[in-house]
Structure formats: structure tokens, C-alpha cells
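Read the structure below first, then the notes.
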Amino acid sequence: MLEEVERWLRTRSWSVSDRPLDTVLAAKRASGAAVSVVLPALNEEETVGDIVSVIRRDLVERAPLVDELVVVDSGSTDRTAEVAAAAGARVEHRDAILPRIPAVPGKGEVLWRSLLVTRGDVVCFVDADLREFSADFVTGIVGPLLTDPDVQLVKAMYDRPLAGAAGQGGRVTELMARPLLNMHWPQLAGFVQPLGGEYAARRSLLEQLPFPVGYGVELGMLVDALHLVGLDALAQVDVGERIHRHQDGQALGRMAAAIYRTAQLRLARGHLIRPCLTQFERGADGFEPRTYSVDTEERPPMAEIAEYAARRVA
């Protein structure tokens, strides 16, 4: 590990207990910064309501940390929107945000569009499939941004159990993202959960970043933020354990392909020879190929979007 990374781990890796809620609230009052929490959601009716309820109860009503709690529905076919609204979130629908640009499927697409329907100086993203959710996920990653003006982006780190086995979750991280980062961006080798969906950043940074529309958004954001603001502006906070729904192997393969493509573009900004992934499923006549396209689109920095610029002037 680089000496720079060893030093970073000592100075920019914290525990949620390092910043008690009272300390974070005092820093928020002193800075006057507004905090937005965004949950990107696609068919998450079983979990989104509990997450929204915890944030609203603990960080809106009991402690005034969160100013804006928004669920961005990514085309759900279940009751995700209704459940989120009933729990106290403001629900925005992906296709209604910036309709001039037709929406495409993907998590990064939703995160990018969320910048247009939120106003917080600090934006905190939380996945909507978490179970046994704790408000520490929010206070932990928002805290450094409110207490340390040099910090620009904070990722949560945590244990990810799989089928009861500790530390076995995060398979795409271990098999794809971590090798890529260690070999090509070794300054980022200290991140425990580089692909984790819980992170917070200053709006002034997010609006300057391109957003891969799909699963590559987290890796792309880390790499681009490193080049834009440097390693010392990035940090991570231990928030304990993350329990969520796990994807099957083929879904993980598609996720890994998107992440590899995101890394490839950042390595060379070059040409994709074949932006497709073929996987196999056993059918009546043996193994049958299924070919999926790998998303190749990225959204430009939000600061370049006319509607966003006009909103800021207003």
C-alpha cells in the first residue's frame, strides 16, 4: 500500500462514534449548510418505508439534521412511491425530472437527476433496499462534511454478511472493483466499500462530476473526485453492518461489466470494441446464451445543464 494511502487511512477513516450527533448538529448550525437525503428506489416497497421512517423520526423530528428527504422513484411497478410518501418522504419520479432529456434505466441516471430536485449544500445518498436501517448511516457520512471544510466526499464502510457469513457480501467489489482500483488508481485502495451506495458529498463537487447512468456510478464518482479534488478531500466512516437484498450471480456479472466499462473509459477514454455481455442459462436444450447491452452512456456534469443553471440564478 502506498505511504500516502496508509496516512490517509489514519487521518481520513473514522467511526460514526467519532462525531456524536450533538457535535454534528452544532457544526450544522454554525455552517448554515442544508442537508438533503436522497433514496433512489426501484420496486423497494418492502424496505423503503422503514428507511424513510427512521430518518424522519431520528433526523428530522427528534434532531434537525436533515432538511430534505426525497425518494426518487425509478419507474417502480409496485407501491414504492405510495409507501415512501406515507412514511414522510417527498417522492419525485425519474421521468418527470428534466423531461427534455429522455430518461434511461439505471441507478446513476436517478442520482444525476436528483440534483435538480434537491437544494441541500450536502447531498446524502442511501440505497432503498437496506434492512435493519440505522440513522447512523446518515449521521456518519454527513458528519465529516459539516465538521471539516476540507472534506468533499464521504463513503460509508461496513460489514456485509452473506447468508449469515460475515464479510462475504460485496462480491463485485472484491472480484472487480478492488483489483481495478489497486492496479490503476492505487490512491483509492484504502476504501473499504468503494461501490457502497451510502455516501455524501458537497453539491459543489457533485455538480461538476459526470454520472455514469448505471452501476458504474460509484466507481466513476470516486475516480473522478480523486482527480478533481485529491485524496485528502475524500473520507470514509465505519457505520457498522449493512444488511440488504443480494443479487444473483448473473445480475452481479452485469454489474461487473458496467463497472469495468466505467473504468475502461476513465483509463483511456477509448473505444469500446463490443459493449455487450453474454451470459448462459440452462434451458430445455442445454445452455442458452443471453446477451445484454452494457450501458455506455454518461450524463454530463449537472453544472452544464441549462435548467440547473437557471434554477441557481432564481
Side-chain angles (χ1 to χ4, degrees), residues 16 36-62 66 68-97 103-111 113-114 117-118 123-141 155-173 193 195-200 213-215 217-218 239-255 258:
V16 65
S36 299
V37 175
V38 173
L39 278 70
L42 176 62
N43 295 330
E44 303 293 358
E45 66 176 2
E46 293 184 3
T47 51
V48 69
D50 289 340
I51 299 171
V52 169
S53 295
V54 169
I55 296 173
R56 186 160 191 84
R57 181 192 68 211
D58 294 351
L59 302 179
V60 177
E61 296 168 356
R62 293 180 180 174
V66 173
E68 194 173 34
L69 178 53
V70 180
V71 169
V72 182
D73 185 17
S74 185
S76 297
T77 57
D78 66 1
R79 298 182 61 253
T80 291
E82 292 86 345
V83 170
R90 188 176 93 236
V91 177
E92 301 281 353
H93 295 274
R94 177 198 61 195
D95 295 350
I97 304 170
V104 298
K107 180 183 180 182
E109 177 82 353
V110 174
L111 299 184
R113 289 175 187 264
S114 76
V117 292
T118 56
V123 182
C124 173
F125 298 120
V126 176
D127 281 350
D129 66 342
L130 304 188
R131 301 181 183 276
E132 301 179 25
F133 179 78
S134 166
D136 285 349
F137 274 81
V138 175
T139 57
I141 56 180
K155 301 239 11 163
M157 56 178 168
Y158 32 66
D159 295 314
R160 295 182 66 182
L162 176 63
Q168 295 303 304
R171 290 162 287 174
V172 176
T173 292
Q193 298 291 352
L195 300 185
E198 289 70 46
Y199 49 98
V213 297
Y215 285 122
V217 63
E218 274 86 22
V239 296
E241 186 176 73
R242 184 187 198 266
I243 300 174
H244 67 114
R245 182 185 68 253
H246 291 282
Q247 305 273 7
D248 63 32
Q250 293 204 333
L252 295 179
R254 296 190 291 273
M255 188 182 303

Query - Separation between CD1 of Ile55 and SG of Cys124, rounded to the nearest 0.5 Å - result: 7.0 Å
Query - Pairwise distance CG(Asp129) to CD(Glu44) - rounded to 0.5 angstrom - result: 5.0 Å
Report task. Would you check if Val72 and Arg113 make a side-chain contact, meaning some heavy-atom pair closer than 4.5 Å? Result -> no
Query raised in the report: Rounded to the nearest 0.5 Å, what separation is found between the NE2 atom of His93 and the OG atom of Ser76?
Result: 9.0 Å
Report summary line: Sorted by chain and residue number, the ring pair (Phe, Tyr, Trp, His ring centres under 6.0 Å) partners of Tyr199 (sequence neighbours excluded) come out as Phe125
**Report entry** Nearest-0.5 Å distance, CD of residue Glu241 to CG of residue Leu130
**Finding:** 11.5 Å
Query raised in the report: Closest heavy-atom contact between Ser114 and Val38?
Result: CB-CG1, 3.8 Å
**Report entry** Value rounded to 0.5 Å, distance of CZ in Arg62 from CZ in Arg57
**Finding:** 5.0 Å
Query - Which atom of Gly140 lies closest to which atom of Val239, heavy atoms considered - result: CA-CG1, 4.4 Å
Report task. Measure across Val126 and Pro40 and return the closest heavy-atom pair with its distance rounded to 0.1 Å. Result -> O-CD, 3.3 Å
Query raised in the report: Does a side-chain heavy-atom distance below 4.5 Å link Thr80 with Leu42?
Result: no
**Report entry** Electrostatic pair Glu218:Lys155 at N-O distance under 4.0 angstrom
**Finding:** no
Requested in this report: Could you tell me which non-hydrogen atom of Ser36 sits nearest to which non-hydrogen atom of Thr118, and how far apart they are?
Outcome: OG-CB, 3.9 Å
**Report entry** Heavy-atom side-chain proximity of Asn43 to Thr77 below 4.5 angstrom
**Finding:** yes
Report summary line: For Asp127 and Arg242, the nearest pair of non-hydrogen atoms, with its separation, is OD2-NH2, 2.7 Å
Query raised in the report: How many angstroms lie between atom CD of Glu45 and atom CD of Glu82, to the nearest 0.5 angstrom?
Result: 8.5 Å
Query raised in the report: Under the side chain to side chain contact (heavy atoms under 4.5 Å, CB included) test, which residues partner Arg90, sequence neighbours left out?
Result: Glu68, Val70, Glu92, Val117
Report summary line: Scanning both residues in full, the closest heavy-atom pair of Tyr158 with Glu198 reads OH-OE1, 3.1 Å
Requested in this report: Using a 4.5 Å cut-off on heavy atoms from C-beta on, say whether the side chain of Asp58 contacts that of Thr139.
Outcome: no
Query - Heavy-atom side-chain contact between Phe133 and Val52 under 4.5 Å - result: no
